[in-house]
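When a ligand or atom number is given, it counts from 1 through the structure's own listing order.
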Amino acid sequence: MEVIRVKGGRSIEGEVTVEGAKNSALKLMAATLMAPGVNTLTNVPNIADVHVMGKVLKYLGARIEVLGEHELKIDTSSVDRWETPYHLVAQMRASTAVLGPLLSRFGKAIVAMPGGCNIGARKIDMHILGLESLGVNFDVDHGDIHASIPHGLKGTQVMLDFASVGATENLMMASVHVTGTTVIENAAREPEIVDLANLLNEMGAKVSGAGSSRIEIEGVEELHPVEHRVVGDRIEAGTFIAMAGICGGPVTVKGFDPAHLGLVLKKYELMGLDVERGRHECTVSRQAPIRSIDIQTLPFPGFPTDLQAQTMCLLAQGSDSCIVTENVFENRFMFASELQRMGADITIEGHHAIVRGVERFSGAEVKSPDLRGGAALVMAGLVADGYTTVSDVHHIDRGYECFVEKLQALGAEVRRMEVPDLEDGGEVG
Ligand code: UD1
């Protein structure tokens, strides 16, 4: 079993460059299905979720060439399947992003019902309702969703109940060839949606309004392959910024647009962090104690749920008490109970966490509950007394490239190591 072991107490400082955004790269890869030919994506992160999406595309018939660390050439000219099997969708919920592209290209799709990150029910009813209003028929059979378009796709107005990222993306992609115009109201406004809209427009689609809550997609006949650079990962950036904040820094985080963390950086300043913003980087340090302030997660431009655990970790060393409210996912406080094992004082009441600051964490054995919670436990280990051992690191590998190496370069005493799996009856050597 692989774990990440951290020795607390070493400060981190220096520079770190983030990769392309996981949540953008996955959807851009799916979108290449709609532009038959050789598409080139650059700044693609080398992470487990991208490998799963690569497997999905290959299963469908695409050929993928990996050039250097971060460039993919995806040839989608020979794609001849429209079925995504359970063994791949079960590994990653975002595999459902191929639904819209397959409908666009083939007028039909079979996608297994999703598994994915263990953070709540994560339904796809809004994807289904939106697509139905465009003219898609759905049947669920033996755990697979069978989608077909009996009478063509017609542009219409779709009003989302909630600004869902995945539903907005699938609707955008399914709408590129509609007759007429699709209007998505209450659309998600995340920077990754803008990145996808930019890619689609480069391919010849007519998408306007991405980044606002009203997106219009005018149908076009066909799309052509392109070369596109994935937007920098604001969540990876936010993770290193939070780490700099808890340790003191200074750390310069490069390779992303600080405007994509607008509210996060404001909140961090209120918490006592010093933030210097550049065009594609920011430098973070802290001298003052961490001030406790309330945080609530919301769709962009609200506070991202994907930085909730890292921020709770900071607040758990705050000078007072505060409330962290999770509005996007149910069941996303599993990280808090692991942090309690390290001495944090947190009480969960429904979707609120009451966080009372403590002076120190103590190193312990803890388990990554999910991708971001895992990163936040390593973060807690940086300032804990003694050693912290984080298991289930496969969650962290889903979304962070060279996580341990980047922390080592910043001066952290952290390493990845093999230990016997005690649940399997292994013995401690
Ligand atoms: C994406 C991101 C994830 C991020 C989330 C919110 C990817 C691969 N993942 O996930 O990292 O945390 O946005 O910023 O891009 N919901 C429904 N019905 C639906 C769709 C969603 O009830 O049809 C609910 C979900 O259960 C969840 C909430 O809406 O509670 C938000 O989901 P959504 O915005 O769709 O997130 P994802 O696209 O899954």
Worksheet item: Relative to atom 23 (O) of ligand 1, which among Glu192, Arg332, Arg398, Met126 owns the nearest non-hydrogen atom?
Response: Met126
Item to complete: Run the numbers on Glu326 and Thr305 for side chain to side chain donor-acceptor pair (under 3.5 Å), then give the verdict.
Response: CA-CA 7 Å; Glu326 173 58 56; Thr305 175; 3.0 Å; yes
Fill in: Parallel, tilted or perpendicular: rings of Phe106 and Trp82 (30°, 60°)
tilted
Worksheet, complete the sentence: The atoms of ligand 1 lying under 4.0 Å from a heavy atom of Ala94, numbered in the order shown, are 8 (C)
Item to complete: Please confirm whether the backbone N or O of Thr32 pairs with a side-chain atom of Thr76, one donor and one acceptor, at under 3.5 Å?
Response: yes
Discussion item. Below the 3.5 angstrom mark, is there an N/O of Val165, backbone or side chain, next to an N/O of ligand 1?
Written reply: yes
Practice prompt. Examine the proximity of ligand 1 to Val328 and report which part, side chain or backbone, both or neither, has a heavy atom under 4.0 Å away.
Written response: both
Worksheet item: Taking distance alone, with no angle check, do Thr305 and ligand 1 share an N/O pair under 3.5 Å?
Response: no
Worksheet item: Do Leu26 and ligand 1 have an N or O pair less than 3.5 Å apart?
Response: no
Item to complete: With Glu269 as reference, evaluate Arg277, Arg286, Arg291 under the salt bridge (Lys or Arg N to Asp or Glu O under 4.0 Å) test and give the passing residue.
Response: Arg277
Worksheet item: Could an N or O of ligand 1 be found under 3.5 Å from any N or O of Glu330, whether backbone or side chain?
Response: no
Fill in: Main-chain N/O of Ile323 paired with Asp294 side-chain donor or acceptor, under 3.5 Å
yes
Discussion item. For Tyr59, does the six-membered ring have the charged nitrogen or CZ of Arg81 within the cation-pi criterion, i.e. under 6.0 angstrom from the centroid and within 45° of the normal?
Written reply: yes
Fill in: Arg93 contact mode with ligand 1 (heavy-atom cut-off under 4.0 Å)
side chain
Response to the item:
Of all heavy-atom pairs linking Gly61 and Asp80, the shortest is CA-OD1, 4.3 Å
Worksheet item: Are His146 and Asn137 close enough, and set up right, to give a side chain to side chain donor-acceptor pair (under 3.5 Å), and what steps lead you there?
Response: CA-CA 8 Å; His146 294 247; Asn137 259 7; over 6 Å; no
Item to complete: With heavy atoms only and a cut-off of under 4.0 Å, state how Phe162 meets ligand 1: side chain, backbone, both or neither.
Response: side chain
Discussion item. Pairs of nitrogen or oxygen atoms closer than 3.5 Å, one from Lys27 and one from ligand 1: do any exist?
Written reply: yes
Item to complete: Considering the heavy atoms of Ile124, write down every atom of ligand 1 situated less than 4.0 Å from one of them.
Response: 19 (C), 23 (O)
Item to complete: For ligand 1, note which part of Asp306 has a heavy atom under 4.0 Å away: side chain, backbone, both or neither.
Response: side chain
Practice prompt. Would you check whether Asp125 has a nitrogen or oxygen atom less than 3.5 angstrom from a nitrogen or oxygen atom of ligand 1?
Written response: yes
Worksheet item: Within the side chain of Arg229, is there an N or O that forms a donor-acceptor pair under 3.5 Å with the backbone of Asn43?
Response: no
Response to the item:
Only one of Leu382, Val366, Val414 passes side-chain contact (heavy atoms from CB on, under 4.5 Å) with Thr388, and that residue is Val366
Worksheet entry | Which of the ligand 1 atoms, numbered from 1, are nearer than 4.0 Å to a heavy atom of Gly166 | 35 (O), 38 (O)
Item to complete: Compare Ala97, Ala25, Ser95, Ser164 and give the one whose heavy atom is closest to atom 35 (O) of ligand 1.
Response: Ser164
